[in-house]
2 protein chains.
Amino acid sequence: MTAEQTPVRRRGPSMADVARLAGVSGQTVSRVANGRHNVDADTRERVLAAMREVGYRPNSAARALRNGRFRSIGVIVFELSSFGNTRTLDAIAAAATTRGYAVNLLPVLDASQEAVSGAFSRLGEQAVDGVIILIEAHTLDDAEVPLPDGLPVVVVDSSAHYDYPIVDTDQAQGARLATEHLLDLGHQTVWHLGGPPSSFAAARRLRSWQQTLTDRGRPVPPVLVGDWSAGSGYEAGRQLADNPDVSAVFVANDQMALGLLRALHERGRAVPEDVSVVGFDDQEEAAQFWPPLTTIRQSFAEVGRRSVDALINEIQAGEHHHQPVSVATELVVRSSTAPPR
Amino acid sequence: MTAEQTPVRRRGPSMADVARLAGVSGQTVSRVANGRHNVDADTRERVLAAMREVGYRPNSAARALRNGRFRSIGVIVFELSSFGNTRTLDAIAAAATTRGYAVNLLPVLDASQEAVSGAFSRLGEQAVDGVIILIEAHTLDDAEVPLPDGLPVVVVDSSAHYDYPIVDTDQAQGARLATEHLLDLGHQTVWHLGGPPSSFAAARRLRSWQQTLTDRGRPVPPVLVGDWSAGSGYEAGRQLADNPDVSAVFVANDQMALGLLRALHERGRAVPEDVSVVGFDDQEEAAQFWPPLTTIRQSFAEVGRRSVDALINEIQAGEHHHQPVSVATELVVRSSTAPPR
DNA sequence: GGCGATCATGTTGACGTTAACATCGGAGGT
DNA sequence: ACCTCCGATGTTAACGTCAACATGATCGCC
């Protein structure tokens with residue numbers, strides 16, 4: 001009793017099928033598929049009709065094998081946890097698509113060393129022409145980064161520790177903008193709730209805040225440290241709220257600022273009357289915080305676009321631009337800042 | 001003057017190179033690369049060493065061509081705008097990676113018809129074995145959806161309008177949970193700020209809220225409509241705040257709830273003393289809203305996992321499960337709800 | 001009217017991998 | 001000692017596409 005094998009055509013139609021139907025050679029089909037001009041108008045029509053009839057789809061595997069290029073870029077992300085990464089990824093995807101490249105997501109499942117190197121080694125088997133790395137630097141630093149040799153890479157980060165082209169927001173400029181805004185309002189000094197020490201972006205913002213204060217001859221208060229999460233902002237806020245000296249705080253991102261605002265409300269300290277707060281990122285919700293948050297807007301779209309440009313440049317021209325790309329930020333004044341009482 | 005062509009070996013080493021170095025046939029290298037057991041331990045070592053030496057990486061294009069499978073799934077997303085999509089995508093990426101599949105991002109650049117069908121036709125050229133669709137239904141409905149024939153598809157949405165398997169959060173159960181929570185606290189009725197009419201998820205939540213009220217013999221207040229954004233929540237909140245009849249509001253997502261809270265604060269209506277508010281999603285920040293938001297937690301992780309499971313099942317077994325998958329939600333009580341004054 | 005130029009189209013082979021089959025040597029059974 | 005079976009390894013061909021080259025027809029020009 002021979003089991004009747006379902007004769008399901010698993011593969012789709014190929015050029016050969018189209019060619020047969022149109023009565024031409026495979027090569028002609030190829031030419032039509034690739035929009036070459038040296039095909040007779042009639043023939044082209046006939047081929048296109050045949051393609052439609054059989055539902056032809058070019059096989060990208062065969063194409064990639066033949067051409068040695070995948071027209072695809074990989075993006076290594078550490079979860080899509082953070083607001084910034086998400087937005088940047090979005091911009092990358094848009095830019096890549098526009099440039100005719102597909103985007104391959106290579107998630108790093110947890111923060112462990114092995115997960116990171118796991119992602120990197122998986123990379124070797126991926127069908128990508130280049131990679132954009134979207135995870136914070138420290139996670140990489142120690143890892144024996146087994147990046148496949150000769151694979152173009154662009155890093156989105158604020159570290160200068162790489163041999164790869166770097167694109168990022170100008171953290172220092174943004175932090176200066178925030179700090180100066182508060183000082184200009186008349187505050188004696190500005191406190192700072194920073195991001196995790198492992199983040200270069202956080203370190204840059206912190207350093208620049210510090211620098212701005214000393215440039216102006218102001219005392220530098222002790223730094224509070226959060227982990228980017230709103231919860232950690234709340235924790236820090238509870239400490240700050242009880243300190244009557246605190247009249248102005250620069251928070252390293254909007255999410256932490258949200259938690260900080262909650263802590264201040266809880267303790268009955270009015271914003272901005274008692275305490276002024278400036279965030280960083282300008283995520284959509286910041287305008288709807290209570291009170292609406294003054295913050296530093298960074299253009300994730302621009303960062304995404306620039307990193308794709310840099311990567312595709314590397315892929316197609318083989319050119320490295322080791323000159324880091326810095327994207328400027330912008331101060332957005334809302335209601336969470338005011339002169340000291 | 002013949003320009004010296006840089007003899008850059010653009011292609012990486014292939015199995016043949018490894019085979020030559022290890023003194024075996026290509027097939028043996030293939031067996032080692034795929035972890036087959038029928039290879040002598042010594043030989044395997046020799047091959048592995050050779051691989052390391054030349055820096056061998058399997059060429060996934062050749063593999064895909066040979067096997068007819070890409071081990072890759074596509075995800076069609078309408079920007080990564082919404083919190084929910086982002087989280088679901090994250091879960092999908094994690095689940096897919098765990099199952100050994102790569103994830104291809106297929107962004108829909110704008111809401112226009114052509115952008116959507118653009119994404120779909122691009123799909124035909126993508127190296128994917130199946131697709132998960134993460135865009136709201138209405139955008140698809142009218143479109144001549146030119147989905148490649150025979151390509152496995154899973155839709156993450158609450159519509160039943162598809163021929164494809166569907167996975168989504170149990171919107172109706174969540175909305176009922178929210179509404180009942182408020183009624184149980186003693187509120188006479190519950191107002192509703194819904195999502196855009198184009199969203200099936202929003203429609204489900206609305207319908208279930210309505211149903212719950214009528215089941216309990218309560219009056220059904222007029223519906224307010226937002227677009228998921230915090231800004232639209234603020235707009236709606238300004239209307240609600242001036243209405244003294246409003247003592248309880250069920251908001252269709254947390255972001256809009258944030259804006260609504262701001263509007264209530266602005267008008268001096270205390271939460272929860274004057275007005276109780278329940279959100280939907282339980283995004284991380286909800287616990288740090290002012291006051292911390294009572295909300296409906298939906299498991300994006302589960303939705304992502306289940307949709308990947310469904311898709312891979314379809315890919316590997318060819319089985320469709322037209323039975324929609326519904327993922328349960330959970331009420332998380334915080335400080336934004338209380339009995340009426 | 002002959003000759004090369006130009007253009008549409010066809011033929012061949014290679015990209016790197018692996019399924020299917022072939023081969024070969026030794027272990028085990030009678 | 002002979003035969004079988006099994007496991008390790010090699011050989012061949014094919015997946016779908018496209019560059020490179022080959023062919024043959026048409027055209028214009030001296």
Side-chain angles (χ1 to χ4, degrees), chain A residues 5 8-48 50-51 54-72 124-129 148, chain B residues 5 8-48 50-51 54-72 124-129 148:
Chain A
Q5 266 296 96
V8 180
R9 175 80 178 273
R10 217 43 198 143
R11 305 261 188 166
S14 76
M15 281 194 166
D17 300 307
V18 176
R20 207 170 307 119
L21 184 61
V24 298
S25 77
Q27 187 54 215
T28 298
V29 178
S30 170
R31 285 191 260 255
V32 171
N34 291 18
R36 294 285 145 70
H37 297 298
N38 51 347
V39 178
D40 189 78
D42 287 354
T43 314
R44 155 168 285 118
E45 267 323 309
R46 204 144 31 88
V47 170
L48 287 173
M51 282 181 173
V54 302
Y56 171 73
R57 301 278 160 187
N59 180 318
S60 49
R63 257 188 193 171
L65 176 57
R66 181 65 242 247
N67 301 333
R69 292 277 162 90
F70 299 97
R71 291 212 70 100
S72 173
E125 306 169 9
Q126 292 304 323
V128 296
D129 300 320
Chain B
Q5 266 295 99
V8 180
R9 174 84 178 270
R10 216 46 197 141
R11 305 260 187 169
S14 74
M15 281 194 166
D17 300 307
V18 176
R20 205 170 310 120
L21 184 61
V24 299
S25 76
Q27 185 58 213
T28 298
V29 178
S30 168
R31 286 191 261 254
V32 171
N34 292 18
R36 295 283 145 70
H37 297 297
N38 50 346
V39 178
D40 190 76
D42 287 353
T43 314
R44 155 168 285 119
E45 267 322 309
R46 208 144 28 89
V47 170
L48 288 174
M51 283 180 172
V54 303
Y56 171 75
R57 316 190 279 132
N59 179 318
S60 49
R63 244 181 207 179
L65 177 57
R66 179 67 243 241
N67 300 334
R69 291 275 162 90
F70 298 96
R71 293 213 68 102
S72 174
E125 305 168 9
Q126 292 305 321
V128 296
D129 300 321

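As a basis for the values below, the full set of heavy atoms in this structure was taken, side chains included, without hydrogen atoms, waters or symmetry mates. Letters A, B, ... are given to chains in the order of the sequence lines, protein chains preceding strands, and every chain is numbered from 1.
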Worked check of side-chain contact (heavy atoms from CB on, under 4.5 Å) between A/Val29 and A/Met51
CA-CA 9 Å; A/Val29 178; A/Met51 282 181 173; 3.8 Å; yes

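Phosphate contact (OP1/OP2 of D/dG10, side-chain N/O of B/Thr28, threshold under 4.0 Å): present. Put simply, A/Arg63 has a side-chain N or O that comes within less than 4.0 Å of OP1 or OP2 on D/dC18. Side-chain N/O atoms of B/Arg31 include none lying less than 4.0 angstrom from OP1 or OP2 on C/dA20. Taking 4.0 angstrom as the limit, A/Thr43 places a side-chain polar atom (N or O) nearer than this to OP1 or OP2 of C/dT9. Put simply, B/Asn34 has a side-chain N or O that comes within less than 4.0 Å of OP1 or OP2 on C/dT18.
Separating the CZ atom of A/Arg20 from the P atom of C/dT11 is a distance of 14 Å, rounded to the nearest angstrom. One atom, CG of A/Asn38, and another, P of D/dA25, lie 19 Å apart when rounded to the nearest Å. Rounded to whole angstrom, the span from the CD atom of B/Glu45 across to the P atom of D/dT9 amounts to 13 Å. Atom CZ in A/Arg36 sits about 16 Å away from atom P in C/dC7, given to the nearest Å. As rounded to whole Å, 20 Å separates atom P of D/dA14 from atom CE of A/Met15. At whole-Å resolution of the value, CZ in B/Arg66 and C1' in D/dA13 are 8 Å apart. One interatomic measurement links the two molecules: CZ of A/Arg69 to C1' of D/dT17, which rounds to 17 Å at whole-angstrom precision. The CZ atom of B/Arg46 sits 11 Å away from the C1' atom of D/dT9 (whole-angstrom rounding).
No side-chain N or O of B/Arg66 forms a donor-acceptor pair with one of B/Asn59 less than 3.5 Å apart.
Under the 3.5 Å distance criterion, the side-chain polar atoms of A/Asp40 are matched with a main-chain donor or acceptor of A/Asp42.
Here the CZ atom belonging to A/Arg44 is positioned 8.5 Å from the CG atom belonging to A/Asn38, to the nearest 0.5 angstrom.
Checking B/Val39 against A/Leu65, the closest nucleotide of DNA chain D that is more toward the 5' end is the one next to B/Val39. Comparing B/Gln27 and A/Val29 by the nucleotide of DNA chain D whose heavy atom lies nearest to each, the residue mapping closer to the 5' end is B/Gln27.
Side-chain atoms of A/Asp40 lie closest to C/dA8 of the nucleotides C/dT18, C/dA8, C/dG10. If you check D/dT9, C/dG16, C/dA8 against the side chain of B/Ser14, the one that comes closest is C/dG16.
Taking both residues in full, the closest heavy atoms of A/Phe70 and B/Ser60 are given as CE2-OG, 4.0 Å, listed atom of the first, atom of the second, then distance.
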